[in-house]
**Q** 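Sending over a structure as structure tokens; questions will come in a sec.
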2 protein chains.
Amino acid sequence: METPRELFQIMTRRLGLLNKDCCSVGGCNLSATQSHLLYEIDRSHNPSMQQVAETLGTDITTFSRQVQSLVKMSLVNKTPDPTDRRIYNLSLTPEGKMVAATIDQQMNEYLNEAFSHMSEFEVETLLRSIKLFNEAMGKSSNCCAPVKG
Amino acid sequence: METPRELFQIMTRRLGLLNKDCCSVGGCNLSATQSHLLYEIDRSHNPSMQQVAETLGTDITTFSRQVQSLVKMSLVNKTPDPTDRRIYNLSLTPEGKMVAATIDQQMNEYLNEAFSHMSEFEVETLLRSIKLFNEAMGKSSNCCAPVKG
DNA sequence: CGCTAATACTTGCAATTTGCAAATTATTTT
DNA sequence: AAAATAATTTGCAAATTGCAAGTATTAGCG
């Protein structure tokens, strides 16, 4: 019988490969890192650089440069915060939203393809289970909280 | 309601952070990539370089260098194949096995910690679901097969 | 057998990514 | 108003990556 770790290792490897493959949208050729960045900016509401970097567990200086390149690609806006000018708020440009939506769609398509090899009940159970697991990890104080020791 | 992609994105992010944090064993400070490499060599039986590189979706030249550094750290053995001398078979040294086992243990410990926020039934369901999902992804022909287009 | 093709793996750059320390700009505290 | 704190950006320097080209070794085919 597989240990939990084995199951998760195989799954994350496969999903990681998926992530790599789903990063090309039209002319845009994103890295997996950049795709994560777009995803996170998209789901947060005008987050600051710090916030996103911390959520993703990325060094802030590395993050700063990643954002720069996405701004250069016209996918991300960096707007000075009106109430505190040390802070820059991040948001997606219309083009960025388009790219993020396309990536999202591609990944959901692949996932649905994989789900087609499972019964409807199994899929529902899987998704419900992962939701519970995500919540459980959120409660877990150990490591892997966004903040690093 | 979250899309499948959202659920998986959050989960893989957390598991990725876990992976990063679980890579230090005594003096050894491994990268997540190196940890994956150890894991895969451990579970295969004397695989060739090609095999592992392909499974992990890594460029073979990059892989070659990764192996070199692990050999230098005395974690991996690179043995010429007796029947075909173009091939090198990989295996873990005793020290490599030790490191791999420790990483495995650390990750399982964290996972169990997270599981402690779920009922026993929920955990069983989760693990069974992931197993099914892994099999489904294996059947899926699309992308994310180890071979890249 | 002998020559070409294919396979497994390794180097040589060159570009990209990363992180620590230090600098910059803006705000808060005293 | 000076000092401490906070958010972000640069300056290296090291590590990671990938493509093209190179080295062995084996397979295929006349």
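Only a predicted model underlies this, so the values are computations on that prediction, with no experimental measurement involved. Throughout, protein chains are lettered first and strands after them, A, B, ... in sequence-line order, and every chain is numbered starting at 1.
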**Q** Within this structure, what is the CG-to-P distance between B:D59 and D:dA20, rounded to whole angstrom?
**A** 11 Å

**Q** With side chains defined as the heavy atoms from C-beta onward, is the minimum distance between B:H36 and B:N19 less than 4.5 Å?
**A** yes

**Q** What about the rings of A:Y110 and B:F8, do their centers lie closer together than 6.0 Å?
**A** no

**Q** Hey, which sits more toward the 5' end of DNA chain D by its nearest nucleotide, A:I87 or A:R65?
**A** A:I87

**Q** Using a 4.0 Å heavy-atom cut-off across all strands, classify A:F63 as base, sugar-phosphate, or nothing.
**A** nothing

**Q** With respect to the phosphate group of D:dA7, does any side-chain polar atom (N or O) of A:R85 fall under 4.0 Å of OP1 or OP2?
**A** no

**Q** To the nearest Å, how far apart are A:Q66 CD and D:dT16 P?
**A** 16 Å

**Q** Which residue in the set A:L70, A:V76, A:V99 passes side-chain contact (heavy atoms from CB on, under 4.5 Å) when paired with A:Q34?
**A** A:L70

**Q** Between A:L90 and A:N77, is any pair of side-chain heavy atoms under 4.5 Å apart?
**A** no

**Q** Counting any heavy atom closer than 4.0 Å, what does A:S48 reach on the DNA or RNA strands: base, sugar-phosphate only, or nothing?
**A** sugar-phosphate

**Q** Between P on D:dC19 and CG on A:N29, what's the gap in Å once rounded to a whole number?
**A** 12 Å

**Q** What I'd like to find out is whether the side chain of A:E120 reaches to under 4.5 Å of the side chain of A:F115, using heavy atoms alone.
**A** no

**Q** Report the distance from atom CG of B:L30 to atom C1' of D:dT16, rounded to the nearest whole Å.
**A** 15 Å

**Q** Between residues 70-81 of chain B and DNA chain C, which residues have a heavy-atom gap below 4.0 Å?
**A** B:K78

**Q** Please figure out whether A:S31 or A:T61 has its closest DNA chain C nucleotide nearer the 5' end.
**A** A:S31

**Q** What I want to find out is whether A:R43 reaches B:E6 closely enough, with some N-O distance under 4.0 Å, to be called a salt bridge.
**A** no

**Q** Hey, are the side chains of B:F133 and A:V123 touching, using non-hydrogen atoms and a 4.5 Å cut-off?
**A** no

**Q** Taking all atoms of both residues into account, what is the closest heavy-atom pair of A:L30 and A:I103, and its distance?
**A** CD1-CD1, 3.9 Å

**Q** Taking 5' to 3' order, which nucleotide of DNA chain C is first and which is last to have an atom within less than 4.0 Å of a heavy atom in chain A?
**A** C:dT18 to C:dT27

**Q** Distance check needed: D:dA21 C1' versus B:I60 CD1, whole Å only.
**A** 16 Å

**Q** Kindly indicate whether the side chain of B:M49, heavy atoms from C-beta on, has any atom under 4.5 Å from the side chain of B:S64.
**A** yes

**Q** Kindly point out which of D:dA24, D:dT17, D:dT8 is positioned nearest to the side chain of B:R86?
**A** D:dA24

